[in-house]
Number of protein chains: 2
Amino acid sequence: MNERPLQEPTLLLLTALADEPRHGYGLIQEIDAISQGRVRMRTGTLYGALDRLVQQGLIRVEREEVVDGRARKVYALAEAGQDVLAAETERLRAVVAEAERRLAARRAHAIRPKGALA
Amino acid sequence: MNERPLQEPTLLLLTALADEPRHGYGLIQEIDAISQGRVRMRTGTLYGALDRLVQQGLIRVEREEVVDGRARKVYALAEAGQDVLAAETERLRAVVAEAERRLAARRAHAIRPKGALA
DNA sequence: CTATATATATCAGCGACCGGCATATGTTGT
DNA sequence: ACAACATATGCCGGTCGCTGATATATATAG
């Protein structure tokens, strides 16, 4: 029931799951890849967020498996999560476009078309 | 010194100032416009954030003026703020693009190119 | 003379994130 | 044999930005 905008770690989590179901540790790696190494999700953030998102119905536990003697919980994006992600990216895209438009105009102004003085 | 990603209200504040200097109340209106009425910045968020951003050197108090008997503080985007905004939009643009790419692929998969069965 | 718009400011509370710690198994290096 | 590292999940105290409420003050509209 929360209409508040997603924070970046949460946005990245949903994005990482939009692709295909993944388990917690795999999400850390995937997010590392998506963000080109700029975001290293902490386990404290991760598992807390996963519980919260399941609670909110944005993701669900797809299955639990054991690979090489290690237990895994595989999460999948739920439909509600897909909708939220779509709406969020849509809004963010508009904000980013506006910010870039203004930054470009700002730079154009700074250059001063006819002779830059001081 | 905080490299943490900006939250949306902060992002919108910097975006609203990228255009031209504005005072607090004007920022509320501008953000309302930018977000097409979807974000109504609260004064609690606003003035707290403005103080914080000045403290961080991302914006500065351009001037103080009195218009129609009402005091105003006009804020301007500092160079550090411009850099942070540019970096932030750049990263967000990549994340948004990736999210939309995955959502599109997801929908294409759901449609099933040749005969959708159940 | 009340309500609304303009304008700034503070504060308690909440919730997401951070960083550290704990636990356990498998692999690689020395 | 032992250390170090990668894989994998989980908890918890602290921090910090945002929310919502409240306060103050002037100008304008009804």
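Keep in mind the model is a prediction, meaning the values are calculated, not measured.
- Here the closest non-hydrogen pair linking A:Glu30 and A:Ala16 is CG-CB, 3.8 Å.
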Within the sub-3.5 Å range, which N or O atoms of nucleotides 4-8 of chain D have a protein N or O partner, and how far apart are they?
{"unit_1": "D:dT7", "atom_1": "OP2", "unit_2": "A:Tyr25", "atom_2": "OH", "d": "2.9"}
{"unit_1": "D:dT7", "atom_1": "OP2", "unit_2": "A:Gln29", "atom_2": "NE2", "d": "3.3"}
{"unit_1": "D:dT7", "atom_1": "O2", "unit_2": "A:Arg70", "atom_2": "NE", "d": "3.3"}
{"unit_1": "D:dA8", "atom_1": "OP1", "unit_2": "A:Arg72", "atom_2": "NE", "d": "2.9"}
{"unit_1": "D:dA8", "atom_1": "OP1", "unit_2": "A:Arg72", "atom_2": "NH2", "d": "2.6"}
{"unit_1": "D:dA8", "atom_1": "OP2", "unit_2": "A:His23", "atom_2": "NE2", "d": "3.2"}
{"unit_1": "D:dA8", "atom_1": "O3'", "unit_2": "A:Ala71", "atom_2": "O", "d": "3.3"}

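- A continuous path of hydrophobic side-chain contacts links A:Tyr25 to A:Leu50 [ILVMFWY only; heavy atoms under 4.5 Å].
- Every side-chain hydrogen bond (donor to acceptor under 3.5 Å, both in side chains) that B:Arg93 has, sequence neighbours left out, goes to A:Glu100, B:Glu90.
- When the C1' atom of C:dT10 is taken as reference, atom CG of B:Leu50 falls 14 Å away, rounded to whole Å.
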Under the side chain to side chain contact (heavy atoms under 4.5 Å, CB included) criterion, do A:Thr89 and B:Val95 qualify, and how do the steps go? CA-CA 9 Å; A:Thr89 53; B:Val95 173; over 6 Å; no
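- Spacing between atom CG of A:Asp51 and atom P of C:dC17 amounts to 13 Å, rounded to whole angstrom units.
- Residues B:Val74 and B:Leu53 do not share a hydrophobic cluster, clusters being chains of Ile/Leu/Val/Met/Phe/Trp/Tyr side chains in contact below 4.5 Å.
- For B:Asp32, the side-chain hydrogen bond (donor to acceptor under 3.5 Å, both in side chains) test picks out B:Arg40, with sequence neighbours left out.
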Summary of protein contacts for nucleotides 18-24 of chain D, nucleotide by nucleotide, where a base hit scores B, a sugar-phosphate-only hit scores S (4.0 Å, heavy atoms): SBBB---
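- Residues that satisfy the salt bridge (charged side-chain N to carboxylate O under 4.0 Å, His left out) test with B:Glu98, not counting sequence neighbours, are B:Arg101, B:Arg102.
- Contact check of residues 81-98 of chain B against DNA chain C (heavy atom, cut-off under 4.0 Å) returns no residues at all.
- Remark: P of C:dG15 and CD of A:Gln56 are 11 Å apart, rounded to the nearest angstrom.
- Atom CD1 in A:Ile28 sits roughly 9 Å away from atom C1' in D:dT9 (whole-Å rounding).
- Side-chain contact between A:Gln56 and A:Val84 is absent, with no heavy atoms from C-beta onward closer than 4.5 Å.
- Proximity of a side-chain donor or acceptor of A:Glu88 to a complementary backbone N or O of A:Leu11 within less than 3.5 Å is not detected.
- Residues A:Leu27 and A:Leu12 are not in side-chain contact: their nearest non-hydrogen atoms beyond the backbone lie 4.5 Å or more apart.
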